[in-house]
Amino acid sequence: AHNEDGWLAPFADTLGLRYRVVAELRHNRSAYDLARMARYAGSFLAGRLLGRRALVDDPYALLSAGWLADRFGCRVVVVVRDPAAMVASWRRLGWTTDLDELLGQPDLVRDWLAPYRAELEAVAADPEDLPGRVGTLWRMLYLIAAEHERRHQNVRVVRYEDLAADPVPSFAELFGWLGLHFDRGAEQAVVRSTTGSARRRA
């Protein structure tokens, strides 16, 4: 909250489905940019007119989950995965993370990372140790997610494996917590998204 001034208006616009066309035009440089702008502006307008709620899907927002819940009344769902599955995915996708970038943010270290600083510095020094880096990051973020859930009633932590094991009742319960109606269309979407990829992998 102490450095929120530059973020309040943009987040309020996004969550209120208000698309700033004039501001976007200042930065557009190509026909692709203009087409994307038109698509997003139309989507925001339709959502606002139909009374829809914004869905922000951001894997980097975990450390701001409490702020989003308290400042905007967001219902925040944090999906966590098994650490071994995370390591396997990161290895397959060639992902990495700059732990020094996290440690270079004094406010972030003060508020959240201080208890894990020594561990993060140790694994940051060995970029080849992917299991060590991802495992340490996972444990730190999992503990922070649990603390967010403890402090904020609008933050909910769910396990990916639980959603995947029994998707329809799990998503129905999650929809209820979010204040959304789990109708037949939603159920069919859940079934499609949780069974099609399994068939493709087989």
Side-chain angles (χ1 to χ4, degrees), residues 1-81 89-90 93-98 101-102 104-105 107-108 111-112 141 144-145 148-149 151-158 160 163 167 170-194 196-197:
H2 66 281
N3 64 354
E4 68 181 11
D5 291 348
W7 302 98
L8 278 176
F11 270 96
D13 284 345
T14 299
L15 295 170
L17 296 175
R18 293 183 295 273
Y19 195 84
R20 299 302 185 191
V21 173
V22 174
E24 189 71 17
L25 282 171
R26 294 192 191 107
H27 299 283
N28 284 326
R29 296 290 181 268
S30 69
Y32 172 81
D33 291 336
L34 292 172
R36 184 182 59 184
M37 182 195 72
R39 185 172 69 250
Y40 288 166
S43 177
F44 272 48
L45 177 61
R48 196 164 70 251
L49 292 175
L50 293 171
R52 293 177 176 160
R53 287 161 56 184
L55 170 65
V56 179
D57 178 10
D58 185 352
Y60 300 102
L62 169 60
L63 297 168
S64 303
W67 178 76
L68 290 167
D70 291 346
R71 199 70 173 89
F72 298 101
C74 292
R75 286 289 178 115
V76 180
V77 178
V78 182
V79 181
V80 295
R81 291 187 67 192
S89 290
W90 281 44
L93 296 167
W95 288 357
T96 187
T97 186
D98 187 350
E101 185 178 6
L102 292 176
Q105 300 179 56
D107 293 342
L108 180 60
D111 293 344
W112 289 109
L141 294 176
I144 290 172
H148 275 310
E149 187 176 45
R151 293 185 191 181
H152 308 280
Q153 64 178 8
N154 276 3
V155 176
R156 176 84 176 270
V157 179
V158 297
Y160 172 87
L163 294 174
S170 296
F171 275 97
E173 195 276 332
L174 189 57
F175 267 55
W177 182 79
L178 290 166
L180 300 172
H181 182 54
F182 193 74
D183 58 16
R184 181 64 178 159
E187 180 178 347
Q188 289 174 342
V190 167
V191 170
R192 278 195 310 272
S193 63
T194 57
S197 59

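Starting from 1, each residue takes its place in the sequence as its number.
With sequence neighbours excluded, no residue forms a ring-ring contact (aromatic ring centres under 6.0 Å, His included) with F171. When the side-chain hydrogen bond (donor to acceptor under 3.5 Å, both in side chains) test is applied to D70, the partners found at least two apart in sequence or on another chain are H152. A search for side-chain hydrogen bond (donor to acceptor under 3.5 Å, both in side chains) contacts involving R81 returns S89, not counting sequence neighbours. D107 is linked by a salt bridge (charged side-chain N to carboxylate O under 4.0 Å, His left out) to R110, counting only residues two or more places apart in sequence or in another chain. Partners of L34 by side-chain contact (heavy atoms from CB on, under 4.5 Å), not counting sequence neighbours, listed by chain and number: L25, N28, M37.
With values rounded to the nearest 0.5 angstrom, L178 atom CG is found 7.5 Å from F175 atom CZ. Between atom CZ of residue R71 and atom CG of residue L15 there is a gap of 12.0 Å, rounded to the nearest 0.5 Å. How far CZ of F11 is from CG of L68: 5.5 Å, rounded to the nearest 0.5 Å.
Side chain of R18 to backbone of A12: a donor-acceptor contact under 3.5 angstrom is found. One N or O on the side chain of R75 and one on the backbone of W177 form a donor-acceptor pair closer than 3.5 Å.
Across all non-hydrogen atoms, the minimal contact from A145 to V157 is O-CG2, 3.5 Å. Nearest heavy atom pair, residue W67 against residue L8, reads CZ2-CD2, 4.0 Å. Looking at every heavy atom in both residues, G47 comes nearest to L17 through C-CD1, 3.6 Å. Summarising the geometry of P167 relative to V190, their closest heavy-atom pair is CB-CG1, 3.9 Å, with the distance given to 0.1 Å. What you find for N154 and G73 is that their closest heavy atoms are ND2-O, 3.7 Å.
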Practice item. May I have the step-by-step check of side chain to side chain contact (heavy atoms under 4.5 Å, CB included) for F182 and E187, ending in yes or no? Key: CA-CA 7 Å; F182 193 74; E187 180 178 347; 3.8 Å; yes

Exercise for review: List the steps and the verdict of side chain to side chain contact (heavy atoms under 4.5 Å, CB included) for D111 and H2.
Suggested key: CA-CA 12 Å; D111 293 344; H2 66 281; 4.3 Å; yes

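Here the side chains of R20 and D13 are in contact, with some heavy-atom distance below 4.5 Å. Looking at heavy atoms from C-beta onward, R156 lies in side-chain contact with L174 at the 4.5 angstrom threshold.
Under the salt bridge (charged side-chain N to carboxylate O under 4.0 Å, His left out) criterion, the residue pairs touching residues 33-61 are D33-R36, with sequence neighbours excluded.
Checking L63, V78, V80 one by one against L141, the side-chain contact (heavy atoms from CB on, under 4.5 Å) holds for a single residue, L63.
Classified by interplanar angle (parallel below 30°, tilted 30° to 60°, perpendicular above 60°), the ring pair W112/H148 is tilted.
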